[in-house]
Amino acid sequence: MHLWTDLDQVPPGFGPSVVTIGNFDGVHRGHAEVLGRIVSLARESGSQAVAVTFHPHPATVHRPAQAPELLTGIADRMELLEATGLDAVLLVEYTLDFARQSPEEFVRTYLVDGLGARTVVVGHDVRFGRDNAGNLATMVELGRTHGFEVRAIDDVGTVGGEHGRANDSDAASTGGDAAPSGRWSSTEIRGLLTDGKVREAAALLGRHHRLRGVVVHGDARGRELGFPTANLGAISGMVPADGVYAGWLRRPQLLAADPGNCDGVLPAAISIGTNPTFDGVERRVEAYVLDRTDLDLYDEEVVLEFVEHLRPTLRFDGIDALVETMHDDVARARVILASGAGTPAGASTEPDDVGASATGAGE
C-alpha cells in the first residue's frame, strides 16, 4: 500500500481511482466492511482503491476540549488500513487552512486533480468544505462537473468543516455525540474500553484492541517480586480502564526481520494503574510475559493486545497478598490465552457475540 502525506507525493497522472473519505479511527468492522466494498469496486473497474484520512482528528483543531481519545495511533491505523486491501492512503494534515477550502476546491484539488477519482464513495449525511457547506447533493453535482460517479453508503464518513462539526465519531461528520448500542462505532468502542470491556470491544473491532509503545525503565519492582514487566512509554492508542488483563505482547521489529520467530508474539498479563499498594501516583501500562525472565525489551517498540479483563486494580495490605494475587492473575491469563479465546496478532478473530449490523459502518 502506498502512503502519501502530501499531494505532491502522488504520482503524476495517478488514477483512475475509487476514493472514500474519513478518519477511520480504530479501523473497526464497519470500516472494514465499507473499505472492502471500495476495494471490490476498484478491482471490478480496473481502478485504484484509495482512502483519504486525516491527522490530527478534526475535533482537535476545531474543539480541542471535546476531541475524542483516539483508539489507534497513526502507525496502527495505517497497518490496519493496509490489511483491508487498499492500494493507497492519502494522510492529510488537518489544519484550519485546510478546513477553509470551499467544497469545490476540496473536491477539485484532492479528489479530481490529485487522485484521479472516477468513483467517490461517501455517506448519505456527508458534509465537507468550509462551514460544512457541501453535502451529498453537492458531491453529486461536482461529480457531474468533474466526471466522477458518486455512490452513497450509510455512515461512511465525511470531511469536517471549519466550524468543527466533527464529533466523537470516526469521521468529522454530522450526527450525535453517542452511537447507539450494537453499532460498529468508534464512540461505542471508546465507551467499552473506558469500562475495561476489552472482549466486547474486540467484537466491534474485529480484532483485539491494541496499544503501541517503547519499553522504558521502571522501578524494577516487578522483577524484585518475580514478575519482570515491560513498562511502556510514548504510548499510542486508547488506554483501557485500570486493571489487569490477559493479552499478547507483539514485537513488530522482530517479526519484520523473522516472521516465524516464536518470540515475536508472546502471552502476557498486562497491568494498567498507579500501583496503589506502593502509593504510586503515575498511571502506567506494563506487561509481564508469562513464565519469561530472560527477555531484554528495553528501547524496543512493542504492541500490546488486550484479550480479557481479569480484575480491577486493588490496593493490598502487604507484599505477600499482592504476590499471591499476581500468581492467580498469571494462572488465569495462561488458561484464557491457551484456550483459544484469545487469538494472537495476525490470526483471524471472529467473536460470536458481535451484535452489530452492516448498516453501522460510519464511525
Enquirer: Return each pair, listed once, that meets salt bridge (Lys or Arg N to Asp or Glu O under 4.0 Å) where at least one residue sits in residues 258-270; pairs must be two or more places apart or across chains.
Expert: D263-R292
Enquirer: Please set out all donor-acceptor pairs under 3.5 angstrom arising from side-chain atoms of residues 235-246, sequence neighbours excluded.
Expert:
residue	atom	partner	partner atom	Å
D242	OD1	R283	NE	2.6
D242	OD1	R283	NH2	2.9
Y245	OH	A241	O	2.6

Enquirer: Taking only residues two or more places apart in sequence or in another chain, which ones pass side-chain contact (heavy atoms from CB on, under 4.5 Å) with T119?
Expert: V18, V121, E149, R151
Enquirer: Under the side-chain hydrogen bond (donor to acceptor under 3.5 Å, both in side chains) test, which residues partner D320, sequence neighbours left out?
Expert: none
Enquirer: Using the test side-chain hydrogen bond (donor to acceptor under 3.5 Å, both in side chains), find all partners of S271 that sit at least two apart in sequence or belong to another chain.
Expert: none
Enquirer: H55: which residues meet the ring-ring contact (aromatic ring centres under 6.0 Å, His included) condition with it, sequence neighbours left out?
Expert: none
Enquirer: Restricting to pairs with a member in residues 80-89, which pass side chain to side chain donor-acceptor pair (under 3.5 Å), not counting sequence neighbours?
Expert: R43-D87
Enquirer: Check ring-ring contact (aromatic ring centres under 6.0 Å, His included) between H2 and all other residues, then give those that pass, not counting sequence neighbours.
Expert: W4
Enquirer: Who are the side-chain hydrogen bond (donor to acceptor under 3.5 Å, both in side chains) partners of T95, not counting sequence neighbours?
Expert: none
Enquirer: May I have all residue pairs that pass salt bridge (Lys or Arg N to Asp or Glu O under 4.0 Å) and include part of residues 1-19, sequence neighbours excluded?
Expert: none
Enquirer: Residues two or more places apart in sequence or in another chain: which of them pass side-chain contact (heavy atoms from CB on, under 4.5 Å) with V140?
Expert: L136, R144, V150
Enquirer: Listed by chain and number, what are the salt bridge (charged side-chain N to carboxylate O under 4.0 Å, His left out) partners of E105, not counting sequence neighbours?
Expert: none
